[in-house]
Colleague: 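Dropping a structure here in structure tokens format, bear with me for questions.
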Amino acid sequence: QVQLVESGGGLVQPGGSLRLSCAASGSIFRVYDMGWYRQVPGKQRAVVATITSGDSTNYTDSVKGRFTISRDNAKKTVYLQMNSLKPEDTAVYYCNADIQRTTWFRRNYWGQGTQVTVSS
């Protein structure tokens, strides 16, 4: 019943910006850590940025200073602001969330993915 729905991807020129959103819905008791991951064909899915329920953040080195992860707990939504985009940022971006549905059930969930293409 829990879903993570991503939006905001698209085609952008190098140096441009995009803002990704991921909203959790369904039967949810509490959302803990959330994050963004990306994957290109033939490669493993890799972490981009994570944010804890206390708003502590971490970024992979290649996006530091360019990307910003944030969250709105009331909306159960995580965002990824991407600035100064480079062609190597092209990937399918997935959000992830550690969600507690009941007092006894807690696990990670994945969004469906949204395509980000950086090209002239």
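We use all heavy atoms of the structure for the numbers below, so side chains are in, but hydrogens, waters and symmetry mates are not. Quick note: residue numbers are just sequence positions, from 1.
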Colleague: Can you give me the closest heavy-atom contact between Val31 and Ala97, atom names plus distance?
Modeller: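 Here Val31 and Ala97 meet closest at CG1-CB, 4.4 Å.
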
Colleague: Could you give the distance from OG1 (Thr52) to CG (Asn58), rounded to the nearest 0.5 Å?
Modeller: 9.0 Å

Colleague: Looking at every heavy atom in both Val2 and Ile28, which two are closest together, and how far apart are they?
Modeller: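 Scanning both residues, the minimum pair turns out to be CG2-CG1, 4.0 Å.
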
Colleague: I would like to know whether Thr60 and Phe67 meet side chain to side chain contact (heavy atoms under 4.5 Å, CB included); could you show each step before the answer?
Modeller: CA-CA 10 Å; Thr60 192; Phe67 291 10; over 6 Å; no

Colleague: Do Trp36 and Cys22 come close enough that some side-chain heavy atom pair is under 4.5 Å?
Modeller: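 Side chain of Trp36 against side chain of Cys22, heavy atoms only: contact under 4.5 Å found.
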
Colleague: If I take atom CD1 from residue Ile99 and atom CZ from residue Arg30, how far apart are they, to the nearest 0.5 angstrom?
Modeller: 12.0 Å

Colleague: If hydrophobic clusters are built by linking Ile, Leu, Val, Met, Phe, Trp and Tyr wherever their side-chain heavy atoms come under 4.5 Å apart, do Tyr32 and Tyr109 end up in the same one?
Modeller: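 They do not share one cluster, since no chain of ILVMFWY contacts under 4.5 Å joins Tyr32 to Tyr109.
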
Colleague: With Arg107 as the cation and Phe105 as the aromatic partner, state whether NZ or CZ is under 6.0 Å from the six-membered ring centre and within 45° of the axis.
Modeller: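 Checked: cation-pi criterion not met.
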
Colleague: Does any non-hydrogen side-chain atom of Asp98 lie less than 4.5 Å from one of Arg106?
Modeller: yes

Colleague: Can you name the nearest heavy-atom pair linking Ser53 to Asp33, along with the distance?
Modeller: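 Of all heavy-atom pairs spanning Ser53 and Asp33, the closest is N-OD1, 3.8 Å.
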
Colleague: Crowded around Glu88 CD? As in, over 12 foreign heavy atoms under 6.0 Å?
Modeller: yes

Colleague: Look at the side-chain heavy atoms of Ile, Leu, Val, Met, Phe, Trp and Tyr, link any pair under 4.5 Å apart, and say whether Leu80 and Val116 land in one connected group.
Modeller: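 Yes: a chain of side-chain contacts under 4.5 Å links Leu80 to Val116.
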
Colleague: Test of understanding: with salt bridge (charged side-chain N to carboxylate O under 4.0 Å, His left out), list the residues that count as partners of Asp89, not counting sequence neighbours.
Modeller: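 Residues passing salt bridge (charged side-chain N to carboxylate O under 4.0 Å, His left out) with Asp89: Arg38, Arg66.
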
Colleague: So if you build clusters from Ile, Leu, Val, Met, Phe, Trp, Tyr with side-chain heavy-atom gaps below 4.5 Å, do Val63 and Ile69 land together?
Modeller: yes

Colleague: Looking at Gln39, I want to see if its CD is surrounded by more than 12 non-hydrogen atoms of other residues, nucleotides or ligands under 6.0 Å.
Modeller: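 Above 12, so yes.
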
Colleague: Got Tyr37 and Val92 here, is their nearest side-chain heavy-atom distance under 4.5 Å?
Modeller: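 No, side chains not in contact.
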
Colleague: Give me the atom names and distance for the closest heavy-atom approach of Thr90 to Gln115.
Modeller: CG2-NE2, 4.0 Å

Colleague: Taking the side chain as every heavy atom from C-beta outward, state whether Ser17 and Gln81 have any pair of such atoms under 4.5 Å apart.
Modeller: yes

Colleague: Using side-chain contact (heavy atoms from CB on, under 4.5 Å) as the criterion, list what pairs up with Asp55, not counting sequence neighbours.
Modeller: Ile51, Arg71

Colleague: Hydrogens and angles aside, do Tyr94 and Glu6 bring a side-chain donor and acceptor to less than 3.5 Å of each other?
Modeller: no

Colleague: Count I, L, V, M, F, W, Y as connected when their side-chain heavy atoms are under 4.5 Å apart, and connections chain through other members. Are Leu4 and Leu18 then in the same cluster?
Modeller: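 Yes.
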
Colleague: Can you measure from OG1 (Thr117) to CG (Leu85) and round to the nearest 0.5 angstrom?
Modeller: 10.5 Å

Colleague: According to a 4.5 Å side-chain heavy-atom criterion applied to Ile, Leu, Val, Met, Phe, Trp and Tyr, with indirect links allowed, do Val78 and Tyr59 form part of one hydrophobic cluster?
Modeller: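 Yes, it is one cluster - the side chains of Val78 and Tyr59 are joined through contacts under 4.5 Å.
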
